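The shown structure was predicted, so the numbers you read here are calculated from the model rather than taken from an experiment. Numbers here are sequence positions counted from 1. Each ligand, and each atom within it, is numbered from 1 in the order the structure gives.
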Amino acid sequence: MVYQATASAPVNIACIKYWGKRDTKLILPTNSSLSVTLSQDHLRSTTTSRADPSFSKDRLWLNGKEEEIVAPGRLATCIAELKKLRKELVEDKDESAPKVIADSILPLFALLKMIIQLSTVPVHIASFNNFPTAAGLASSASGFAALVSSLAALYALPCSPSTLSLIARQGSGSACRSLFGGYVAWEQGVLDDGSDSLAVEVAPRSHWPEMHALICVVSDDKKGTSSTSGMQRTVQTSELLQHRIKHVVPKRMKEIEAAIKAKDFDAFAKVTMADSNQFHAVALDTEPPIFYMNDVSRSIIALIVEYNRVAIEKTGKRKAAYTYDAGPNAVIYTLQENVKEIVELIVKYFPQKDGFKDPFQLFAGGSVG
Ligand code: DP6
């Protein structure tokens, strides 16, 4: 018998950045972070997992290209963790099987699934992104979240998104936040085994549906320094990072959660831009320094700063927030009412010859997912 399940997960873009690990194997961060999950329509990974006794081993294809699953690597760890949960589930169910059958509360197919030792059957996993991989667009976040969700569905695991986030985190730190839509915090946790380092929902999408993200693809080339290696170089060499971890992020986490809860865009924008700036400052404070933004990225910052200056003059409030991950692409958060104005401004000041790959054809302003 063959079992198969498909799941999708969207990209999330951090407002308070995760940068640095205290445990590189378990992927435990040096600070908490907070992100907004984008809508499924624009940037997502879709993963199908299939278990079949005729398969000889676990295999994975990413956008049609096979990736090796090497233990104890990240992929192998995630798959092993989910198989472990499946095994525990079946063992638990076996113990209570007579009661379950007597109550007849499970449909026949679920009973069959329980009986078969699915956790020992090899899986084939195929994952597709609808956007370029490794372009600083957090493909690993949506990729590992979709992989974990599809295996959890295949194994019929009755787990909450926070529980699954513990596993997705071991694939890629930022992936744990893509298990939820809307506004999501990754609580760094204090325990050595990582069991309290998980994602929690701060607010659902429906709380603030006017929020939009414009993704400006400055370059979709593979980035120079990966997040994984870049952040560990920062941990080893940056004094500014220690200041950030102790004195800056805890305060900002509180501020941004309050801003989201109160739907205070001005406060949200102020903290988001400050945190993007500081993340790039710690990258620069790394030895040797890491530069993720380019001239086009910096010009977009200048444009948003000027746009906000005019808005503050008129209304006392900011109307847009830029943020940059480990690459040159800009994400601009704004409210629905300003999307058109900002798109027109960017198209006016950044025609394609300046390095843009027609961002709005690729990724039109996605709403929060
Ligand atoms: C700048 O999650 O890609 O996007 O845990 O090593 O896989 P690993 O790193 P990753 O780092 C993301 C860094 C960031 C900030 C963020 O998303 O919070």
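- The distance from ligand 1 to the heavy atoms of Ile27 drops below 4.0 Å at these ligand atoms: 5 (O).
- Residues passing the side-chain hydrogen bond (donor to acceptor under 3.5 Å, both in side chains) test with Arg22: none are found, sequence neighbours excluded.
- For a threshold of 3.5 Å applied to N or O pairs, the pair formed by Trp19 and ligand 1 contains no separation below that value.
- The aromatic rings of Trp208 and Phe268 lie perpendicular to each other, with more than 60° between the two planes, well past the 30° mark.
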- Message: Could you walk me through whether Trp19 and Thr234 satisfy the side-chain hydrogen bond (donor to acceptor under 3.5 Å, both in side chains) test, starting with their C-alpha distance in whole Å, then the side-chain angles of each, then the deciding distance to 0.1 Å, before giving a yes or no?
- Response: CA-CA 8 Å; Trp19 197 251; Thr234 305; 3.0 Å; yes

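- With hydrogens and angles ignored, the 3.5 Å screen pairs a side-chain donor or acceptor of Ser160 with a backbone N or O of Thr163.
- In terms of polar-atom proximity, defined here as any N/O pair under 3.5 Å, Thr228 does make such a contact with ligand 1.
- With respect to Arg244 and Asp275, a salt bridge is recorded, a charged nitrogen being found less than 4.0 Å from a carboxylate O.
- Contact check on Asp264 versus Lys270 returns no salt bridge, with no Lys/Arg side-chain nitrogen under 4.0 Å from an Asp/Glu carboxylate oxygen.
- Between Gly173 and ligand 1, a contact under 3.5 Å exists for at least one N or O pair.
- Residue Lys21 approaches ligand 1 through these ligand atoms, each under 4.0 Å from one of its heavy atoms: 5 (O), 6 (O), 8 (P).
- Taking a cutoff of 4.0 Å between a charged side-chain nitrogen and a carboxylate oxygen, Glu255 and Arg252 do not qualify as a salt bridge.
- Each of the following atoms of ligand 1 lies closer than 4.0 Å to a heavy atom of Phe279: 1 (C).
- Of the listed options Arg177, Lys17, Arg169, Arg177 places a heavy atom closest to atom 16 (C) of ligand 1.
- Partners of Tyr18 by side-chain hydrogen bond (donor to acceptor under 3.5 Å, both in side chains), not counting sequence neighbours, listed by chain and number: Lys21.
- Every atom of ligand 1 with a heavy atom of Met231 under 4.0 Å away is listed here by number and element: 9 (O), 11 (O).
- Those atoms of ligand 1 with a heavy atom of Ser140 less than 4.0 angstrom away are 3 (O).
- At least one N or O atom of Arg74, backbone or side chain, sits closer than 3.5 Å to an N or O atom of ligand 1.
- Applying the 4.0 Å criterion to heavy atoms of Ala14 picks out, from ligand 1, the atoms 16 (C), 17 (O), 18 (O).
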